[in-house]
Each structure stands twice: as structure tokens, then as C-alpha cells.
Number of protein chains: 2
Amino acid sequence: MTVTLKDIASRTGFSVSTVSRVLNGGAEMYRISQKTRLQIEKVAQELKYRPNQLARGLRTKKTQAIGLVIPDISNPFFAHVSRVVQVGMYEAGYILIVCNTDENQDTEIEQIQLLRSKGVDGIIIMPVGLESHHIKELLNSKIPVVLLDRSFKDISANLVLVDNYTGSRKAVEYLLKNGHRRIAIIQGLTNTSTNDMRVKGYIDAHQAYHIEVDENLIVGKDYRRENGYIETKYLLNLNNPPTAIYSTSDMITLGILDAIFEDKLSIPDDISLVSFDDVDYAPYLISPLTAVHQPWQLMGEIAVKLLLKDIKSSGQMEKSRIELKPVLNIRKSVKNLNT
Amino acid sequence: MTVTLKDIASRTGFSVSTVSRVLNGGAEMYRISQKTRLQIEKVAQELKYRPNQLARGLRTKKTQAIGLVIPDISNPFFAHVSRVVQVGMYEAGYILIVCNTDENQDTEIEQIQLLRSKGVDGIIIMPVGLESHHIKELLNSKIPVVLLDRSFKDISANLVLVDNYTGSRKAVEYLLKNGHRRIAIIQGLTNTSTNDMRVKGYIDAHQAYHIEVDENLIVGKDYRRENGYIETKYLLNLNNPPTAIYSTSDMITLGILDAIFEDKLSIPDDISLVSFDDVDYAPYLISPLTAVHQPWQLMGEIAVKLLLKDIKSSGQMEKSRIELKPVLNIRKSVKNLNT
DNA sequence: CTGAATTGCGAAAACGATTGCGCATCACAA
DNA sequence: TTGTGATGCGCAATCGTTTTCGCAATTCAG
């Protein structure tokens, strides 16, 4: 069905090796004459030859494919990053195999295994959890890897991170500046580097203002919408409810909105809201959302650049650690309690 | 570095063939004794053997990979669909290669070529354009294909579609029912089946109400946010501006919102808005958005099911055409002009 | 005890490409 | 005529699996 080198070889009368060399641009290196070169190229065109990438990959150990391992591609932040990565890698001649982990470490391990057995040339991963055993093994395997968005302690790898701590502190300090003293935080998956740094930012912001944090106001356990909904319901029913909620992720925010509007409350009059992750629609929400914007475009581009560099240097490159700053986009979802 | 069948063979003393058979579950079929089977399995475990999928694919002509060709994965609708597809295929043992076409047909052609040279076992595609030459060729190639969301005339293929026409008609008729007579439509990429059916719905809705459509109110040319912005700017500056805008896609809607709020207008008091594509945040927009919801969960699941069936039947299956109904979620972005 | 049937496994040929090595052929100088 | 380089290309191994055939060894019936 599909046309192979052999077909071209038999049609032209040359050997498979010669055809291969011509088609790979090794013409003058192997001193193939113009005449045969043109002839082979012509037939290749006619037959619409496409090299079988499997065979090629088997031989060369290069697949021109990379894996992208992310928690959930339907999350706008990840979707945007994926997009940037896909385009960047495609321009460099690579295709993208996308894997969702659903924040499940077992799934993540499986996916990595699978990618490796597929022989990908590199992996960009947003790992889940703090336990990094399988990631360390991956790094040791000498296959180029970039950790994106999330990281681990004591790890030597290409890292593209966002300063979650500072971003979080800015967000919470903004609330504090506006007179809020009971600020709830709905966290995402605990033991994920992003989450934990965001929580730390929240706590340290309070300390900087000499305000004790109420442990009851630190709630939540994962990045799903339902988590935001449930925890908000809980918070709103507290005897002494918070005046503001700080959401650590866009999906959580959606759940928070579900709960708030179900109770017919309004933002920011009844409750203030700040969110990590700035979605496209944030400016146009009922109450334009004050949110921490992550530079996903840059993150994706840098991750691509690092990975490509690593692939080219075949492991000889010293690893880079790049940390980007998020910015707080102030809109109207926070009430000023000072006046 | 990586462990192969040969390694296991030499460690156990058996031949490569026997090892292969055991590890592929062909143990009793080929009458391999319990003892050797267990021994081989044990060593395979110890060495953490993972079959090289390239080699396997080369031999079996199956890669356990499928391609997903979509316009833009950062678009929420496509992102959701991708997610569903990814999960479904992964459960069936397939990985997903994601390709963005950016609504560019040349890119689409390239991507398909690439996927084929990678030997994917199937393709799910949301094609761009009305010219289907390369798609027809793809279908003839006997590789299982599902066309998702978009289609072509006179084509015999697995189709999972949404009734864009009816969805669009419902949306526009809702506006008409509310007394709107000057309704603008901002279209997406012309000559795309989804877009053209939406426009047709718009026109027919007018005819059903015996209202002539003003050609000046049919604007737009692609699915990008900028398109929504520019066209809205134009519409708002018309001598006789529309009382409502009907957006044919979520990204366009975003641009529309950009323009409307830049001009400090309010929805629905100054201008009504209805959108095709119901994003997660639609209920929480400044004016909760009345929108046509596409059943992306179903679409993804059905596409997966059809593709798997097609793969299993190896082309013997008669093609299915499945059309799903969108629903109009009525919220508050439309003003009633009747009273 | 012999021949047939069964059991258990190995050799080797694919799959389609890349690549190190080396073999012809030809021109030209000696 | 012969030796020497250059020129132009083919042979065959290799990547890691799967799979067709077939062969030895064992078992079993007669």
C-alpha cells in the first residue's frame, strides 16, 4: 500500500541505500551523481514517498515526537500552555503526544512509561505530587526533560517555573491592604509544589501584617470545580464567615462562583474574591475578577526552547532553572473595607 | 540502555521467540510450559522490560496511537472535546497525538501527512474548509477516520456532528421573539460547514419571521477574538446599529465583549448578545450569557466509540452519521424589546 | 518396542529505514 | 599496459519485534 524505499529502488534500478541517501540529502556527501539524484527525486515525488517514521525511528533512535504530560488539558491555563508548546515543537519538526494525568500520580507514571516505550525524544511535564521518585528516574534516563510549572526540592533538571509564592503573597496582601482580616484560602492539590507555595504565600502575607491565620479558613484539597463549590458552601455557613476568598486556581474559582451565586450573594459586596489564574473571561465576569496572571505564553515558549536545546546537546547541557513572575491584575472583585 | 527481548532471552536461556510469545500472552496457544513461562515473566519484571513500540509497530502495522487534528486546542470547546477523546482513547490503550491546524488547510494537509507517516491507527479530525480533496484521499486510504464537528457534502465517512442549523435558528429566533429586528451576526471562517450552517440558520430564522436580512449585518471572517472585536467596533459605529449581536463562536464572543466594554456599553441594555458555544464562565459574565451549548462530552465519547469500532472492524464497518442536538441556554444577555 | 501424536521450543524471515565498508569502473599519468 | 585516484554506487548488518515453519524430544497407543 504505502510506498517504501524499495519501491523507488526497483523503479529506478538503484539500490535502496542510494535512494535513502539521496532522499536524506546525503547526495554530495556520498558523491551521488546529479543524474541519478534527479531521477530518484522525480520518482519519489511521483510515488509520493513518505518515509515510514517507525522504521526510521527504530534505526536512528529518534522519533521526532515529544510527550507533554499535563494534569488536565481542558483547564484553560494548561490548554493555553499546550497550545504554545504544540506550535513551537511543530515548527521545530516535532509532533506532540499529549497525556492527561488527572493529578493522579499512578497515571502519571504509566504515561511516562508509555511515552518512553514510544521512544519520544523528550518530555515536557507538569508533574503531580511531591514524591519525585519516578521523575528522578526519568531524569537519570538521560532523555531530555523539562519540568514545567511545578517542581521538586533537590532536583537537578530543566525547570520553567512561576514564582507562585510571590504571586500568592501579592494577591493576599492586596486583600489585607483593603482591610480584609478573615481571608479564606481554597487550596488545590496539597503536596504539589504550586499549591504549597501559594499557601505559603498566603500564610507569610498574614505574618507580614501580624495577623494570625485561622486554620479553619484554609480549606480545599484539589483543583476541581467541585472542590471550590463544596468548600465555599462550607465557608459561607461558618458562624464567622470570611470576608474574602482566595482561590488558588481557575477551576476552583468556577466552583466558588457556583456556590456564591447559588446563595444569591454578590461580589464584592457580600464577599470578595481573588483568584490565582487569570482566565480570558475574567474581565467580564459579573464582578470583574482580580486575578494573578501566569505568563503561559512565555512558559510554553521557554519550555520548548529548553527542551530543544537539551535534545540538540544530547544531555551535555547544564540544566537551566527559569522562574517567571506572575502579575496581579486588579479589577473589581475586592471590596475596600477600610473606609 | 533499554532492555530488549534479547536481554531477557539471554538471561533465561530461552530464545527471543519464546520470550516474545510468553510476554504477549501466547503462552498456552504456543504450548509454553508453566515453568519457562514463570521464569521469563519473572526476569521480565526484574529487568522492567517495556516492549519497544517502534519495533512492534513496524512489525505489526499497529502503533496504538491516534491523531487528533483540531483547529486550536486553546479554544475551550476544542479543549473540552480533546480531553474527552484523550481519556477515552487512553482507556482503550491508545495515545493521542494532537495537532493544531489553526484553521489553515495547508497546515492540516501537512499534519495529516505527518500522522500517516507516523503510522497512526486512526484519526479524529475537525477539518477546515469545504474543499475536501485531501480528506477524501485520507478516507480512501482505508485508515479509520472520524470527522468531528465539521463535515463536507457528498462524503461517506464516520461523522459526529452537531445540528448547527437548528441551534443557530433557535438562537436567532429567540432574539426575534424578543422583538429584535436588527440582528447582526459575526461569523467565523466562511466555507466551514459549521459556520455556514449557522449563517443559514440565521437567515432562515429571519425568513420565518418575514424579516429581510440586512447584508451589512452579516460580518466577520474567522474564529479569532480579534475578528469579534473588529466587527463589533464596526457594527457599533453604524448609522443604524443593530440591537443585538449573534456570535457564532466563543472566541469571537470574547472579542465582542472587548469592544462592547471598551465603549462602556452594557449588555443587554445597550446591546443584546447571544453566542454559539457555551463556555464555563457564561453564567457568571457581567450579563449572564445566553448561549448555544454544544454537547462536547457526548461528541468526544461518540467519536471515540466510532473510531474504535472502525479500527476493530478494520474497515469492514459501514459508516455512521450521528447528529447531536445543541441546546439554547437562556440567561440574561438579551433584552426584551416587546414591552 | 515401534510408530504416531503431542509437547516445547528455536531459527530465520520479515517490517522499512540508515549506514559503515568496500567493490567496480573510469580517467589519466607513467 | 599498468598503477593510482577519484567517482559512483551496492552489500549487508542493524534497530527490536512478531510470526511462520519446522524440528527435537517426549509421551502414548498398540
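Chain letters run A, B, ... following the sequence lines, proteins first, then strands; residues in each count from 1.
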* Taking atom CZ of Arg116(A) as the centre, does the number of heavy atoms from other residues, nucleotides or ligands within less than 6.0 Å exceed 12? -> yes
Over how many whole Å does the gap from [X] atom [atom1] to [N] atom [atom2] extend?
X: Asp7(A); N: dA17(C); atom1: CG; atom2: P; result: 8 Å
X: Asn52(B); N: dC15(C); atom1: CG; atom2: P; result: 18 Å
X: Leu58(A); N: dC15(C); atom1: CG; atom2: C1'; result: 9 Å
X: Leu54(B); N: dC15(D); atom1: CG; atom2: C1'; result: 10 Å
X: Lys62(A); N: dT19(C); atom1: NZ; atom2: C1'; result: 16 Å
X: Leu5(B); N: dA14(C); atom1: CG; atom2: P; result: 20 Å
X: Gln53(A); N: dG16(D); atom1: CD; atom2: P; result: 18 Å

* Structure fact -> Numerically ordered, the residues 32-39 of chain A set in heavy-atom contact under 4.0 Å with DNA chain D is Ile32(A), Ser33(A), Thr36(A)
* List in numerical order all residues of residues 15-25 of chain B for which some heavy atom is under 4.0 Å away from an atom belonging to DNA chain D. => Val16(B), Ser17(B), Ser20(B), Arg21(B), Asn24(B)
* Asked: At under 4.0 Å, does any side-chain N or O of Lys61(A) touch on OP1 or OP2 of dT14(D)?
  -> no
* Could you give me the CA-CA distance, side-chain angles and deciding distance for Glu137(B) and Lys142(B), then say whether salt bridge (charged side-chain N to carboxylate O under 4.0 Å, His left out) is met? => CA-CA 9 Å; Glu137(B) 187 182 291; Lys142(B) 291 302 171 205; over 6 Å; no
* To do: Look at Lys305(B) together with Glu301(B) and state whether they make a salt bridge at an N to O cut-off of under 4.0 Å.
  => no
* Does Ile143(A) reach the side chain of Ile123(A), with side-chain heavy atoms less than 4.5 Å apart? -> yes
* Look at the side chain of Gln105(B) and the backbone N and O of Val128(B), then say whether any donor-acceptor pair between them is shorter than 3.5 Å. => yes
For [X], which residues count as a side chain to side chain donor-acceptor pair (under 3.5 Å) partner, sequence neighbours excluded?
X: Ser117(B); result: none
X: Glu108(B); result: His134(B)
X: Asp149(A); result: none
X: Thr194(B); result: Tyr223(B)

Below 3.5 Å between N/O atoms, which protein atoms pair up with nucleotides 23-28 of chain C? Just atom names and distances, please.
none

* Asked: What parts of residues 42-51 of chain B reach DNA chain C, counting only heavy atoms under 4.0 Å away?
  -> none
Going by salt bridge (charged side-chain N to carboxylate O under 4.0 Å, His left out), name the residues that satisfy it together with [X], two or more places apart in sequence or in a different chain.
X: Glu323(A); value: Arg321(A)
X: Asp121(A); value: none
X: Asp106(A); value: none
X: Arg50(A); value: none

* With heavy atoms under 4.0 Å as the rule, sort Tyr30(A) into base, sugar-phosphate or nothing. => base
* Heavy atoms under 4.0 Å, any strand shown: does Gly13(B) hit a base, just sugar-phosphate, or nothing? -> sugar-phosphate
* Hey, are Thr18(A) and Ser15(A) close enough side-chain-wise for a donor-acceptor pair under 3.5 Å? -> yes
